[in-house]
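Contents: one structure, followed by commentary.
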Amino acid sequence: MSASRRAVVGGLSALAVSACGRESRGQTGAYPAPEPLEAVCPAPAGCAVTAERLADPGDAALIARQFSQLTPEWQLKMEYVLAEPGRLRFDAPDAIARFAQTRGLRFFGHTLVWYAQAPEAFMRLDGQRAAFEAAYRDYIAAVVGRYRGNAVGWDVVNEAVAEDGEGLREGLWSRNLGALDHMRIAFEAARAADPDAVLLINDYNLEGNPRKRASFLRLVEDLVRAGAPVGGIGTQTHIAADLDPAAVGAAIADLARLGLPIHVSELDISLNRGRRMFASEAELEARQLRLAQAVGEAFAELPRRQQFALTVWGLRDGQSWLRGPKENPEPPWDAPLMFDDDGRAKPLLAALEAGLRGR
Ligand code: XIL
């Protein structure tokens, strides 16, 4: 999208907030200027980060000011930790954990077992049950053990429910250790490595697909019944403007029925997905603001003991995973996060905070 167009879009959203109600209160409403998110959020406010971003003084200061919890966006996944044969690599997650510790922020581990990760170290043990299970338990013990007393919690299992919401995903982990058992073993191994960390199961599209949400809730119940120490639920909340805001509250209320703490674990609100539904950019942005407010309201309505944390999946729009890599910007543009490319707080943050204040 051209610079001039982005300027127009930017201008619109500034108008929407600065002009207090002139832009049809019904649509965007007037939001007070945003405060640091961690000051408004009734539970820890988290941000997905990389070691490189924390090494940038500007981003480091903004992150320390706005947030009270950090999640490694990808550098604590097997693709990073197991990248080099024969050793576990922790330089980047150590840097993130240290940053958090020295600034009194919480450190949250993401993620131990994910269908999307099938590293060579485990592929070569495929079909060898005993060796596979031993390596699996050793990996979890090594990673969770390293951050014992530092990591407040972990996404032990990520995205276990099938895309269409029917049943569980199959893959390297389930094939070798069983559909449910690979998860039970992971929770037990994590618990053994850190008796205090809160252990969560995390998934996405739980707002837009009630059938998937029902399968997810059944899975949680099955795991608890199987003795897995499940201490909370993560709902990624990668939502888009095509979602009915009412679906957010309905989903979080439904997930809360089990009485477990809830982590809104990877919040971003895409403008691209759903763009065609709206006649104008202003309407599209108004929907995005409404969705942010709905997420805040739904989280604020949870009992305090079920408010684990609210995490946004990145700091500045330009860093979002929803933006293709610079060398191949496909999709070309999106603005799903709370801070613009220059690190300025957006109306989206004000809308989220308005929801958290229960407005
Ligand atoms: C994404 C990261 O944002 C990207 O940087 C990485 O290349 C791929 O993974 N669900 C998850 C996250 O649980 O771990 C994913 O993060 C986004 C979807």
Side-chain angles (χ1 to χ4, degrees), residues 46-56 59 63 67 69-83 89 92-93 95-96 107-119 143 151 153-163 165 168-169 171 173 183 186 190 199-209 212-213 216 219-220 232-240 243 251 255 262-270 272-273 295 308-331 333-339 341:
C47 188
V49 298
T50 64
E52 292 73 20
R53 268 177 230 144
L54 297 178
D56 172 276
D59 281 357
I63 287 164
F67 300 101
Q69 179 171 302
L70 302 181
T71 301
E73 181 167 356
W74 68 277
Q75 292 165 324
L76 202 36
K77 294 170 181 173
M78 286 183 175
E79 67 180 286
Y80 185 89
V81 176
L82 289 172
R89 188 172 59 161
I96 297 171
F107 176 69
F108 183 78
H110 175 81
T111 179
L112 298 171
V113 177
W114 189 19
Y115 81 94
Q117 310 261 294
V143 175
W154 291 85
D155 285 332
V156 176
V157 172
N158 194 34
E159 304 182 356
V161 178
E163 187 65 35
L168 303 177
R169 288 183 196 274
W173 316 114
M183 297 186 243
L199 305 179
L200 291 89
I201 180 166
N202 192 46
D203 219 317
Y204 68 97
N205 212 5
L206 301 177
E207 314 75 23
N209 183 338
K212 183 172 182 180
R213 186 168 73 238
F216 179 75
L219 169 58
V220 176
I233 285 174
T235 176
Q236 294 182 10
T237 319
H238 292 293
I239 57 179
L243 182 70
L255 292 169
I262 305 276
H263 185 192
V264 170
S265 58
E266 305 182 17
L267 176 65
D268 51 26
I269 308 178
S270 172
N272 270 343
R273 252 176 47 219
V295 171
F308 178 77
L310 188 152
T311 295
V312 294
W313 205 241
L315 183 65
R316 294 186 274 131
D317 283 330
Q319 299 161 336
S320 168
W321 74 302
L322 294 175
R323 282 252 189 116
K326 286 206 172 32
E327 58 279 5
N328 162 31
E330 185 54 44
W333 184 84
D334 206 334
L337 294 171
M338 304 300 142
F339 298 89
D341 292 15

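Just follow the structure's listing: the first ligand is 1, and inside any ligand the first atom is 1. Along the sequence shown, residues are numbered consecutively beginning with 1.
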Exercise. With respect to R323, which candidate in D317, D341, D334 satisfies the side-chain hydrogen bond (donor to acceptor under 3.5 Å, both in side chains) definition?
Worked result: D341

For this session: Give a yes or no on whether the ring-centroid distance for W173 and Y115 is below 6.0 angstrom.
Result: no

Exercise. Between N202 and E266, does any side-chain donor sit less than 3.5 Å from a side-chain acceptor?
Worked result: yes

For this session: Output all residues satisfying side chain to side chain contact (heavy atoms under 4.5 Å, CB included) with R53, sequence neighbours left out; order by chain, then residue number.
Result: T50, D59, E73, Q319

Problem set entry | side chain to side chain donor-acceptor pair (under 3.5 Å) partners for R213, two or more places apart | D254

Seminar exercise, completed: For ligand 1, protein residues within the heavy-atom limit of under 4.0 Å are E73, K77, H110, W114, N158, E159, Q236, H238, E266, W313, W321

For this session: With sequence neighbours excluded, tell me which residues meet side chain to side chain donor-acceptor pair (under 3.5 Å) with T237.
Result: none

